[in-house]
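Structure first, then comments.
Small disclaimer: the values here were computed from a predicted structure and weren't measured. Here is how names work: the chains are called A, B, and so on, in the same order as the sequence lines, proteins then strands, and each is numbered from 1.
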Amino acid sequence: MDWNKYEAVIGLEVHSQMLTETKTFCGCSTKFGNPPNSNVCPVCLGMPGVLPVLNRRLVEFAIKMGLATNCRITPYSIFARKNYFYPDLPKGYQISQFEEPICVDGYVEIEKKDGTQKKIGLVRIHMEEDAGKSIHDQGKETLVDLNRCGVPLLEIVSKPDIRSGEEAYLYLQQIRQIVTYLGICDGNMEEGSLRCDANVSIRLRGETRLGTKTEIKNMNSFRNVERALDVEIDRQYLLIESGDRVKQETLLYDADTNEVRPMRSKEEANDYRYFPDPDLVPVVIDDAWIEKVRASQPELPMERRNRYMREFSLPKYDSEILTAEKEVADYYEEIVSGLKLKTEAAYKQASNYVMTDVLRVVNEKSVKIGEFTIRPSQLSRMIDLINEGTISTKLAKEVFDEMLRSGESPDSIVEKKGLRQLSDESEIGKVVEEVLQANPDEVGKYIGGKEKLFGFFVGEIMKKTRGKANPKMLNDLLRQKLDRLKN
Amino acid sequence: MDVTIKDVEHIAKLAKLNFSDEEKEKFTAQFNEILSFMQKLDELDTSKVEPLSHVIELENVMREDVVKPSLPTGDALKNAPSKTDKFFKVPKVIER
């Protein structure tokens, strides 16, 4: 079978929950985890006679997202009612945007494993409100909590530019990085702050029309999106190759079995009867507002990564890991700015400590880097101590562990534990002498040509100095002495 | 275009309402009456008129993102025909 005849055509709809203090159209708190039905009021409960009033910060967040994804910000945008009945939607309609969404026609750039870049187009980004939460697994009836009802969302709709599960994964990663860098969403897919539905079809390569698409839901992690899409692409391919047809339907992804299965088979095509919401007046955004938001935009992940490669001469790999999360990048930069000895080597050392030691512990303890015991200034000082020759990298490891335990400053740890590196030539020389005298047999063999024993002497000397001898000095002195004995 | 009985059935279904056959006939006729009354508007030349989404000439009515007190849970649940002490209770709805 020739899989290469076909290509997949994927479009993603991402719902991103906004980090506003209050809901979209009322002053109820958006705080997660409050007791059920305690963040509700007549507006979000859909009581008759109430009037929704738009949250200004949501508009600002939407403009931020639009600018970060190269969208055009619509000068005049309106809200619409999307009508359907479900118990978690007490009004019987969701306030959303249909015609005239706030942002249109942007793109997000992804970079594939082989280094090639690709633009994934965005059709639109619009503002809408979330629905409540239904709990189905308690007793005979469904319980409804409306705390989430009315919490603001941005829906980000991509063009059908995505061609594989991998591209979908990378696109989502970019979206997640952008929203978290902008500080408008916490980006947590497992907790539902980012939700993703996919439209998938396949077609013969070169064909410009779209094939019949299916919609996949219930993918609660980036990896699951990638897997679900790959499974669905294969399924459609096998259907078509066996002379069958793809049926337009909604599928649910089951992560346990790695399968997709139909969600509702009998339901007729959705008919949401969108119409402009008469309760809400148009949102008019002038250039001054856009420019004000633009001026407050932070550096975006891709820009920051490129700057790390340029400014700190870091490898791309390091730069990507360090900038994947804004907090990690901030942490790294705080170390760098605290360094007294600002050299490329020190930047790389800082990167190594963050990527390996810091992130290892942070992940093990699953804490946020902002709450990590060791503060960036402590690491700056530790790296300076290494580069001043006060401690060796080996002893730095001990300093690191002690900082983790006690939170003390590197200097006081070095003093207290006597970790100061031995950098006195005559003292090291004395130890070298002692070790050589104590091991006449080995010295003999070394002179006889068994040069591997050099390491043995180094080990002995380190033992005697409790690891504190300046390694370079030790090496030089030992080599000199042994060479002299040889001749 | 005329409204047919099928359209009425579709709209009733979306509204989760059940009607008798006589009612459906009656509504079909009424829908058509309303539409033909509205068709009077077609006599106007609107080719140079911008589409209007709102009749009130207001824009950018917004509020600051500041938390206001919510309703006590007990009050929020007061009108619910079925409830627990914290939740609204509805007949089981599962989409899977």
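Put simply, of B/Asn79, B/Ile56, B/Leu77, B/Val66, the one with the most heavy-atom pairs under 4.5 Å next to chain A is B/Val66. Taking A/Asn83, A/Leu280, A/Val59 one by one and counting their heavy-atom pairs under 4.5 Å with chain B, the maximum is reached by A/Leu280. The most heavy-atom pairs under 4.5 Å with chain B, out of A/Val40, A/Leu58, A/Thr20, A/Val283, come from A/Val40. Listed options B/Asn60, B/Thr73, B/Leu58 were ranked by heavy-atom pairs under 4.5 angstrom with chain A; first place goes to B/Asn60. Contact count against chain B (heavy-atom pairs under 4.5 Å) is highest for A/Pro87 among A/Pro52, A/Pro87, A/Pro35.
Looking at A/Ser29, both its backbone and its side chain come within 4.5 Å of chain B, counting heavy atoms on both sides. Neither the backbone nor the side chain of A/Ser77 has a heavy atom closer than 4.5 Å to any heavy atom of chain B. Proximity to chain B is limited to the backbone of A/Asp277, based on heavy atoms less than 4.5 angstrom apart. Contacts between A/Tyr76 and chain B at a heavy-atom distance below 4.5 Å involve the side chain alone, from C-beta outward. For a residue to count as touching a neighbouring chain, one of its non-hydrogen atoms must lie under 4.5 Å from one of that chain's; by this rule A/Pro282 touches chain B with backbone and side chain alike. In this structure, no portion of A/Val43 lies under 4.5 Å from any heavy atom of chain B. With a 4.5 angstrom heavy-atom cutoff, A/Pro42 touches chain B via backbone and side-chain atoms both.
Within 6.0 Å of atom CG in B/Asn18, 12 or fewer heavy atoms from other residues, nucleotides or ligands are found, so the atom counts as exposed in its surroundings.
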Item to complete: Would you sort out whether A/Ser193 and A/Phe32 count as a side chain to side chain contact (heavy atoms under 4.5 Å, CB included), showing the intermediate values?
Response: CA-CA 10 Å; A/Ser193 319; A/Phe32 184 78; over 6 Å; no

